[in-house]
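What follows is a short report on a single structure.
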Amino acid sequence: MNKLRRRPKERSEKLGAVIADQKIDVVLDVGGNHGQTGQLMREIGFKGRIVSFEPLPSAHAILSEKASSDRLWEVAPRTAIGDTEGTAIIHESEASDVSSILPATAEMHAAFHKTRVIGDIETEVKTLDSLFDSYVKPGERVLLKVDTQGYEKAVLEGASASLDKIAGIRIELSLFALYEGETPYLELLQMLERKGFETYMLTETNFSVDLRRQLQIDALMFRTTA
């Protein structure tokens, strides 16, 4: 989920301080939705480039309009990011930020009723490896943000070559399966640790009052090995 929520000032200050300390030049925003990540980056003081990727036509249009007044915020042509190139069907939910290529589980529907699917849309799928050099200049320090509703592992698998050029990752993780076939959060964390990333921040995001449990967290990780 990628909603822009009211964030405690202290949390935003910490996020801004960590990203500034890492001297990030460009943010690759995979799962841009309506531009919530781009807005957050500007709110915390990030002044570098942002490149957003979004597969839903309606969300892509809103994202493009929001980024249009920011000369350092680029919106890529409409595409999903995955592990192979081709096409896929994305299930558009009533709330666009919970739309996914993967079907939602019964638990997700119970936790958030606006997960109800209102349409299926075909989208092109590209790998990050195929796009990376088109949007990143040699020597730039990159923060990759991934918020793709259960499709995070596919995004990372399609970035096997690019990960070596990425300084940091901000990734949304589900504490239990909200989408069919979703990779468990511990497996994703361990996968990124094996790639040389270390966890700097874990941030609570979505809690379900109906289920009485935490649904998701954001992990901010940075490379510690060459």
Side-chain angles (χ1 to χ4, degrees), residues 2 19 22 24-33 35-38 40-41 46 48-57 59-60 63-64 67 72-90 97 99-102 121-174 179 181-183 185 187-199 218-226:
N2 201 14
I19 290 176
Q22 291 290 328
I24 297 299
D25 299 302
V26 57
V27 173
L28 299 182
D29 171 28
V30 176
N33 194 242
Q36 296 92 325
T37 292
L40 173 62
M41 289 298 106
F46 177 68
R49 293 194 303 115
I50 301 168
V51 182
S52 295
F53 303 89
E54 171 56 43
L56 281 179
H60 189 274
L63 171 65
S64 298
L72 293 179
W73 186 356
E74 179 178 1
V75 178
R78 186 175 74 86
T79 187
I81 304 298
D83 55 346
T84 57
E85 301 208 348
T87 61
I89 299 298
I90 185 167
D97 63 339
S99 303
S100 179
I101 290 175
L102 303 178
I121 296 174
E122 186 174 49
T123 179
E124 183 178 28
V125 181
K126 296 280 192 180
T127 65
L128 194 61
D129 280 345
S130 71
L131 297 172
F132 190 86
D133 289 341
S134 297
Y135 293 103
V136 178
K137 302 169 186 174
E140 285 187 314
R141 284 183 59 79
V142 179
L143 175 68
L144 170 64
K145 167 261 178 177
V146 186
D147 182 352
T148 50
Q149 303 309 303
Y151 210 59
E152 287 77 14
K153 186 176 182 181
V155 172
L156 297 175
E157 288 181 336
S160 57
S162 305
L163 282 180
D164 288 341
K165 308 172 189 176
I166 288 171
I169 295 177
R170 186 169 188 253
I171 186 168
E172 184 177 69
L173 303 170
S174 297
Y179 296 87
E182 182 173 11
T183 303
Y185 75 102
E187 183 177 329
L188 285 175
L189 284 173
Q190 290 166 352
M191 173 184 173
L192 289 169
E193 287 178 353
R194 289 194 297 271
K195 295 289 188 180
F197 294 92
E198 183 176 321
T199 302
D218 280 341
L220 181 64
M221 310 179 76
F222 286 98
R223 181 169 294 285
T224 57
T225 59

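Just so it is clear, the values below take in all heavy atoms, side chains as well, and ignore hydrogens, waters and symmetry mates.
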Nearest atoms (heavy-atom pairs only) where Pro55 meets Ile90
CG-CD1, 3.7 Å
Checking Ala59 now: which residues fulfil side chain to side chain contact (heavy atoms under 4.5 Å, CB included) with it, not counting sequence neighbours?
Asn33, His34, Glu54, Leu56
Hey, could you give me each pair passing ring pair (Phe, Tyr, Trp, His ring centres under 6.0 Å) that has a residue in residues 121-141? Not counting sequence neighbours.
Phe53-Tyr135
Check whether any side-chain heavy atom of Leu163 sits under 4.5 Å from a side-chain heavy atom of Ile169, and report yes or no.
yes
The criterion is side-chain hydrogen bond (donor to acceptor under 3.5 Å, both in side chains); which residues satisfy it with Ser174, sequence neighbours excluded?
Glu182, Gln216
What pairs of residues pass the side-chain hydrogen bond (donor to acceptor under 3.5 Å, both in side chains) test when at least one of them lies in residues 75-90, not counting sequence neighbours?
Glu85-Ser130
Do Ile81 and Leu131 have side chains that approach each other closer than 4.5 Å (heavy atoms only, starting at C-beta)?
yes
Sequence neighbours left out, what passes side chain to side chain contact (heavy atoms under 4.5 Å, CB included) with Asp129? Give chain and number order.
Thr127, Ala159, Ser160, Ala161, Ser162
How many angstroms lie between CG in Asp97 and CG in Asp147, if you round to the nearest 0.5 Å?
8.0 Å
Using atom types as modelled and distance alone, determine if a side-chain donor or acceptor of Arg49 lies under 3.5 Å from a backbone N or O of Leu28.
no
Measuring from Leu192:CG to Glu187:CD, what's the distance to the nearest 0.5 Å?
11.0 Å
For a 4.5 angstrom cut-off between non-hydrogen side-chain atoms, does Val155 reach Ile171?
no
Identify, with sequence neighbours excluded, every residue that meets side-chain hydrogen bond (donor to acceptor under 3.5 Å, both in side chains) alongside Gln190.
none
Spatial distance of atom CG (Leu143) from atom CD (Gln22) [nearest 0.5 Å]
9.0 Å
Check side chain to side chain contact (heavy atoms under 4.5 Å, CB included) between Thr199 and all other residues, then give those that pass, not counting sequence neighbours.
Leu189, Glu193, Leu202, Met221
Under the side chain to side chain contact (heavy atoms under 4.5 Å, CB included) criterion, do Met191 and Glu157 qualify, and how do the steps go?
CA-CA 10 Å; Met191 173 184 173; Glu157 288 181 336; 4.2 Å; yes
What residues form a side-chain hydrogen bond (donor to acceptor under 3.5 Å, both in side chains) with Ser52, not counting sequence neighbours?
Asp29, Trp73
ring-ring contact (aromatic ring centres under 6.0 Å, His included) partners of Phe46, counting only residues at least two apart:
none
Closest non-hydrogen atom pair, Ile101 against Ala88:
CD1-CB, 4.0 Å
Here the pair of heavy atoms bringing Thr148 nearest to Ser100 is O-OG, 4.0 Å
Sequence neighbours excluded, which residues qualify as ring-ring contact (aromatic ring centres under 6.0 Å, His included) partners of Tyr151?
none
Can you list the residues that meet the side chain to side chain contact (heavy atoms under 4.5 Å, CB included) rule with Ile89, with sequence neighbours excluded?
His91, Asp120, Glu122
Which heavy-atom pair separates Glu140 from Val26 by the least distance, and what is that distance?
OE1-CG1, 3.9 Å
Could you walk me through whether Leu128 and Leu144 pass side chain to side chain contact (heavy atoms under 4.5 Å, CB included), step by step?
CA-CA 10 Å; Leu128 194 61; Leu144 170 64; 3.9 Å; yes
Run Glu172 and Gln149 through side chain to side chain contact (heavy atoms under 4.5 Å, CB included) and show every step you take.
CA-CA 8 Å; Glu172 184 177 69; Gln149 303 309 303; 3.1 Å; yes
Give, for atom CD of Glu152 and atom OH of Tyr179, the distance between the pair rounded to the nearest 0.5 Å.
9.0 Å
Are Val136 and Lys165 packed together at the side-chain level, in the sense that at least one heavy-atom pair is separated by less than 4.5 angstrom?
no
Nearest heavy-atom approach of Ala219 to Leu173 is CB-CD1, 3.8 Å
Measure across Gly139 and Asp25 and return the closest heavy-atom pair with its distance rounded to 0.1 Å.
O-OD2, 4.2 Å
Check Asp218 with Lys145, please: is the shortest side-chain N to carboxylate O separation under 4.0 Å?
no
Going by side-chain hydrogen bond (donor to acceptor under 3.5 Å, both in side chains), name the residues that satisfy it together with Glu74, two or more places apart in sequence or in a different chain.
none
Verdict with reasoning, Ile19 to Val27, per side chain to side chain contact (heavy atoms under 4.5 Å, CB included):
CA-CA 10 Å; Ile19 290 176; Val27 173; 5.9 Å; no
